[in-house]
**Q** 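The structure that follows is given in the form of structure tokens.
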Amino acid sequence: MDADLLQRFNPEDFYRHFLADGLRPDGRGLRQQRSAELQRHALGSALGSASLRLGRSSVLCGVRGELEELGRIEVSVELPPLCSALFREKHRALGQMSFLSKTLTEVLNLPSVFDPKQLLCHGDVSWVLHVHIVCLNYDGNAFDLCLLAAIAALEDAELPALVKGTLGPEAGERLAIAPANAEDVVSEARRLVLLARPLPVTFARMPGGQWVLDPCAVEESLGASVSLCFLEGRWLVFHQGGGADANRFLEELMPVARTSTEKLTKLFEN
Amino acid sequence: MAARRDGRAANQLRPPQMELRPLLRADGSARFRFGDTAVVCAVFGPREPRFRHRELFDRASLEVVVRPRIGIPGPKERQMEALLARQLEHVILANQYPRTQISVIVQLSCCDGAVSACAGNAAFLALLDAGVAMKATAMCVALAVKLEPEPVIWLDPTEAEEAQCDALISLSVDGSRNQLVSNVSSGAFLDAATWASCIEAAGKSCKVLEAFMRMSLQKRLETFLKPG
């Protein structure tokens, strides 16, 4: 049979031929990541932004600030039908989107990751950072992609200086972004600091029972997936879709995950 | 070790309760309770898909709908839907029913903690009642982990306990093969020792739940088959 046809109609069998040789159809080994490409400050109008590419997957992330009472980070992830035909059905996309938004909001707001005190600007008013992530092209591994882009954008973000407002009836009580060289600033311009970087690693389970690192969309559709999120030797697990040996699979994946997070740290330091 | 408000031991489930076919017009239905948490689930199908584009030529497509106790479904329900769909896809032998659709409708009727675990069990029982072919028995439990002052794992937490704890984990275990079907955690990050004990506790209690389910199904079948 033609290779293209086999790939489309029987991806499991197609993959089995490759996995027997310890390779994947795109030429990677089982435990090899796609090359990551990070660009900081991709948008001029946002407080901070980043665009990240992982093979053919790419996302764009921007941070927008609003003044409210309780300082926090709010993440919203968007997977529009534009990025993949998988999300043509809105229902399916919504499940994935709300999972990612909720999980990333939780992870980034942890006290060991982010200190909300740095958002305080004047009195009890503080910044609420809305992190918007839009997937431009989806080829698997949304969790890693979105979390890495969010971290990069937050590290890139700079909070502007604020002065007391001069326009409108409640001018004295409102705050406005300070013009350049303003003197009576109530809140200084400053960069955001993350206390630690939570680093994600994702695996997918292939039909033969092997786990592959950094799966593409086809590999994700073949079976279970595990996303781990590391922070200082501890981790969270998001494992869905079954088939893992209860006691052993984490032990088997852990060393690979460690080397993979080391590589991700290098990505941020460049 | 901190005591639990309702006097349970840390590794004790609330009394489970199950009822098959509370709804007569669905192809299969079930009600599952953990103490004060109750979920009703209905299964329709395998039937012809309502929309042509949902039809898959080599297997059944699975649709999961979660309805909250009051109000309209929000992000929390959507997330539960996605999780349940992945979990059930592993269990159902979908390629036995090509070009059909199986709909699983979950109605939360009483929420007092461990809701997603309860929904998972109700969905499994409803599929069983509908006679859908499945390859594994996957029961679900929820765990709450409290890290301070010393790590404590509470099985099957109530809503009040969920609010007190640092991390929540919902696990689904296929007891006969000793395989994890799903494992979703939220809250604080955990270390290796805590993970190992969570997985062990979940594995044990899923076996207990499975035994409970087998026993009650057996009783039901005996009353079914009794003449007169």
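Just so it is clear, the structure is predicted and the values come from calculations on it, not from any experiment. Convention: sequence-line order gives letters A, B, ...; per-chain numbering from 1.
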**Q** I need the residue from B/T194, B/V91, B/L190 with the largest number of non-hydrogen atom pairs under 4.5 Å to chain A.
**A**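 Option with the top pair count is B/L190.
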**Q** Which atoms of B/V66 come close to chain A, meaning under 4.5 Å heavy atom to heavy atom: side chain ones, backbone ones, both, or neither?
**A**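 Neither part.
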**Q** Does a donor on one side chain and an acceptor on the other come within less than 3.5 Å for A/Q240 and A/S225?
**A**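 Judged by distance alone, the side chains do not pair up.
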**Q** In terms of side-chain geometry, is the basic nitrogen of A/E155 or A/R197 positioned less than 4.0 Å from the acidic oxygen of its partner?
**A**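 Result for this pair is yes, salt bridge flagged.
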**Q** Under a 3.5 Å cutoff, is there a donor and acceptor pairing between the side chains of B/S182 and A/H239?
**A**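 Not at all, the side chains of B/S182 and A/H239 share no donor-acceptor pair under 3.5 Å.
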**Q** Tell me which of these, B/A196, B/A136, B/A192, B/G203, has more heavy-atom pairs under 4.5 Å with chain A than the rest.
**A**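 The answer is B/A192.
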**Q** Could you check which of A/M254, A/E106, A/R88, A/Q96 has the highest count of heavy-atom pairs closer than 4.5 Å to chain B?
**A**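 Heavy-atom pair counts peak at A/E106.
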**Q** Pick whichever of B/D191, B/L83, B/D58, B/V181 has the most heavy-atom pairs under 4.5 Å with chain A.
**A**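 Of the candidates given, the most pairs with chain A belong to B/V181.
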**Q** Quick check on A/L231 against chain B: is it the side chain, the backbone, both or neither that has a heavy atom closer than 4.5 Å?
**A**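 A/L231 touches chain B through backbone and side-chain heavy atoms alike.
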**Q** To the nearest 0.5 angstrom, please state how far the CG atom of A/L52 sits from the CD1 atom of A/I151.
**A**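 A/L52 atom CG to A/I151 atom CD1 measures 10.5 Å (nearest 0.5 Å).
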**Q** Quick one, A/Q210 with A/Y15, criterion side-chain hydrogen bond (donor to acceptor under 3.5 Å, both in side chains). Give me CA distance, side-chain angles, the key distance, then yes/no.
**A** CA-CA 11 Å; A/Q210 293 129 314; A/Y15 262 85; over 6 Å; no
**Q** Is the centre of the B/F189 ring less than 6.0 Å from the centre of the A/F230 ring?
**A**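 No, ring centres 6.0 Å or more apart.
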**Q** If you measure only the distance, is there a donor-acceptor pair under 3.5 Å linking the side chains of A/T202 and A/N141?
**A**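 Checked: A/T202/A/N141 side chains pair up, N/O donor to acceptor below 3.5 Å.
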**Q** If you count heavy-atom pairs under 4.5 Å between each of A/G233, A/S227, A/G223, A/C229 and chain B, which one has the most?
**A**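 Option with the top pair count is A/C229.
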**Q** Need one label for B/F51: side chain, backbone, both or neither, based on atoms under 4.5 Å from any heavy atom in chain A.
**A**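 Neither part.
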**Q** What residue, out of B/A188, B/G187, B/G74, has the most heavy-atom pairs lying under 4.5 Å from chain A?
**A**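 Max contact count across the listed options: B/G187.
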**Q** With a 4.5 angstrom heavy-atom cut-off, could you sort out which part of A/E232 is near chain B: side chain, backbone, both or neither?
**A**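 For A/E232, neither part sits under 4.5 Å from chain B.
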